[in-house]
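Just so it is clear: chains get the letters A, B, ... in the order the sequence lines come, proteins before strands, and each one is counted from 1. As a basis for the values below, the full set of heavy atoms in this structure was taken, side chains included, without hydrogen atoms, waters or symmetry mates.
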Amino acid sequence: MTIITIQSSYSPSRIQVIKNTNSVIKHANFDQFPSWVSLKTTTTSSVKLEHKQGQVENLHLVSLSKHGKLNEAFEFFQEMDKAGVSISPYTYQCLFEACRELKSLSHGRVLHDRMRMAFENPSVTLQNCVLLMYCECGSLVDADKLFDEMPELNAVSRVTMISVYAGKGLLGKAVGLFSRMLESGDKPTSSVYTTLLKSLVNPSVLGIGRQIHGHVIRAGLCNNASIETGILNMYVKCGWLKGAKLVFDQMAVKKPVASTGLMVGYTQAGRARDALKLFVDLLTEGVEWDSFVFSVVLKACASLEALNLGEQIHACVAKLGLESEVSVGTPLVDFYIKCSSFESACRAFQNISEPNDVSWSAIISGYCQMSQFEEAIKTFKSLRSKNAAVLNSFTYTSIFQACSVLADCNIGSQVHADAIKRSLIGSQYGESALITMYSKCGCLDDANEVFESMDNPDIVAWTSFISGHAYYGNASEALRLFENMVSCGMKPNSVTFIAVLTACSHAGLVTQGKHYLDMMLQNYNVAPTIDHYDCMIDIYSRAGLLDEALEFMKNMPFQPDAMSWKCFLSGCWTHKNLELGEIAGEELRKLDPADTAGYVLPFNLYTRAGKWEEAAEMMKLMNERMLKKELSCSWIREKGKIHRFIVGDKHHPQTQEIYEKLKEFDDFMEGDVFQCSMTERREQLLDHSERLAIAFGLISATGNARAPIKVFKNLRACPDCHEFAKHVSLVTEREIVIRDSRRFHHFKEGQCSCNDYW
DNA sequence: CTAGGGTTAG
């Protein structure tokens, strides 16, 4: 039979070739069956054939089972019963095999019952087929029962059970059976070793792994390449890299498979340099290449952000013509993204001839890392409509992230529903991303629902939810959650404390903030970093305790960084302290000349004090350094469409109505305006972007006129508009939610959830 | 026997 003229196109992956070969052979065999085998009528009506002890019937059953037509086969049993023809053991084997392939436990059980009736003492081989069927159909209970009942066991039966135990993580049972096998004198086959080794996947079972290694040596199987590699990988997974290296060094022939395993070990342990060193060794030794090696090496380069080295490897890949391979192209995309070379990443992606789900998830998460969230969502949508099969839980997680940054709950919840339908919410990753998404959209109830639905929320999920409350200004709820989490036995990490300190900061809880900062190391063994100290500076500064903040900065175990001064400066602005603000501004400009806050806030401080010259100096400095103040912008979603407004915006088609609506609040504005010292500012106040957005929200009250008006703003809420929103919420009895660049403000009956503290 | 993509912060 001529086979394997498959795939004229180049296919360098070994596994793919083998898989294809198998399927071709199988197909060829059974497509060549003569047509009469599938003709029920012929066989049953033919008296002649019946005399051949049912050979034809059995052959027919074999054919049906090879084609997975189990129902038809089962129907045919009746015909056979009628004709008094019995099913041969070989036919049973084929039928069990079909049940396995189709994972049909129900067919398997019926068949097993039938087999028991037919044979008093079925052969071990046949019993093993049933055993394997139960294992592969996922019924360990049935398999266990049969295994106990079997009067005779051979190596295959034991191997089958060992591998199913090992695969299910029932290590004790697997190892127990292995020992009994040794005791019984049965020599474990090499596949027993490889399966057992594969199931040893964490440091707690290193001891068992070493013992098995010992048995391998005694059994003289050390030169078996797959067992050798299995041992190496076992040591990698059990975290014993030294052992893995020893095994590697003793290998007679260094195959790329083993090297890949060791390199993966190094990369996962954060030892990317060692992985690359090994790669260079292989290079000089002239070891053959395969795409797996490249993917690991590229990952190592990505983690080191070693752009130059990675580019050299890229050149190597290109020379070998592997650029278009998914297995190399995909890690290449990720490598460029991690190095922030976005253009190269896009080019690398375009070079992949057949991108798969991993490739797509890499590029979509890349868009997120490039802050091209709209592009990420656009790509997702187009894939969703054209080729939904390439979407996986990784991609959904990235989209949730994109929606949280865009605060787009509309798309977000739809994608969430879609992910539920397709069971593609990554456990932990996806769920935490959803909690963040709903929190950032101001839907804490939905975030809560996701959180509550988790069986075992991990530290990231807890942290997401705590930050959600912090973001919303629910300090007490955030702290209650934290304590609750601790009592559940969860260990907070460094990010958790950022969330806790942020909560304190947003609510002005100075003493509590200091308490948590002090407790970090003492009680929770988490070393505070400069970020945590910056949070504390923020807490002091916001609370107006500027001297304390300064003192704290002097005594903290880190040099103040740009963020330290920025927090302090922002406190100086809030609490109108020009003197300290000048110092802070100078320090901030020194440490981060590109941060506009270092110019804008001092400028505001100067103008408020009437120091025009100094203020002008700030503007001049900014212009010289080619910096631009970010324009204040607010937006609101109406029927899924986003309406954006900037100061004094008159581009909106309903501009006239919007300004008329604003006039209704003139009385209130009068008092407001008198507080301002600058004419220019006074005029701008009337058409600040958030006011325009609120007014638009009021006039376009569709459907549910009682639904809160949700406004988003790119900068921090302006105090005057904050007052305005409080007033509007009182006189219109509409709830208003403003999400500024830092947090949520929830206005209700003339009050804001932030208690005027932000 | 070996790989590549995703979560929490200001």
**Request:** Please confirm whether any donor atom in the side chain of A:S464 sits under 3.5 Å from an acceptor in the base of B:dT8, or the reverse.
**Result:** no
**Asked** Is there a donor N/O on one and an acceptor N/O on the other, under 3.5 Å, for the side chain of A:D531 and the base of B:dG10?
**Response** yes
**Asked** In terms of side-chain geometry, is the basic nitrogen of A:D334 or A:K338 positioned less than 4.0 Å from the acidic oxygen of its partner?
**Response** yes
Rounding to a whole Å, what distance do you find between [X]:[atom1] and [N]:[atom2]?
X      : N     : atom1 : atom2 : answer
A:Y472 : B:dT8 : OH    : C1'   : 20 Å
A:I337 : B:dG6 : CD1   : C1'   : 12 Å
A:N356 : B:dA3 : CG    : C1'   : 11 Å
A:I399 : B:dT7 : CD1   : P     : 11 Å
A:F394 : B:dG4 : CZ    : C1'   : 10 Å
A:Y516 : B:dA9 : OH    : P     : 19 Å
A:Y533 : B:dA9 : OH    : P     : 22 Å
A:L481 : B:dA9 : CG    : C1'   : 16 Å

Think [X] has a side-chain N or O under 4.0 angstrom from the OP1 or OP2 of [N]?
X      : N     : result
A:K299 : B:dA3 : no
A:K440 : B:dA9 : yes
A:K237 : B:dT2 : yes
A:Q401 : B:dT7 : yes
A:K338 : B:dG4 : no
A:Q369 : B:dG6 : yes

State which of [options] makes the closest approach to the side chain of [X].
X      : options              : value
A:V257 : B:dG10, B:dC1, B:dA3 : B:dC1
A:T397 : B:dC1, B:dG6, B:dG4  : B:dG6
A:T229 : B:dA9, B:dC1, B:dG4  : B:dC1
A:N493 : B:dG4, B:dC1, B:dT8  : B:dT8
A:R742 : B:dA9, B:dG10, B:dT2 : B:dG10
A:D334 : B:dT2, B:dT7, B:dG4  : B:dG4

Which part of the nucleic acid, if any, lies within reach of [X] when heavy atoms closer than 4.0 Å are counted: base, sugar-phosphate only, or nothing?
X      : answer
A:V293 : nothing
A:D357 : base
A:K566 : nothing
A:D534 : nothing
A:G230 : nothing
A:E431 : nothing
A:S393 : base

**Request:** Could you label the plane-to-plane angle of the A:Y524 and A:F497 rings as parallel, tilted or perpendicular, counting under 30° as parallel and over 60° as perpendicular?
**Result:** tilted
**Side-chain donor-acceptor pair present, A:S413, A:H416, cut-off under 3.5 Å** = no
**Message:** Nearest 0.5 angstrom please: A:D534 CG to A:I537 CD1, how far?
**Reply:** 5.0 Å
**Message:** Can you tell me if A:E483 has over 12 outside heavy atoms packed within less than 6.0 Å of its CD?
**Reply:** yes
**Prompt:** Is the gap between the ring centers of A:W360 and A:F349 under 6.0 Å?
**Reply:** yes
**Request:** Determine, using ring centers only, whether A:Y396 and A:F380 are less than 6.0 Å apart.
**Result:** yes
**Request:** Would you please determine if the base of B:dT7 is stacked by A:Y429, with stacking meaning a centroid separation under 5.5 angstrom and planes under 30 degrees?
**Result:** no
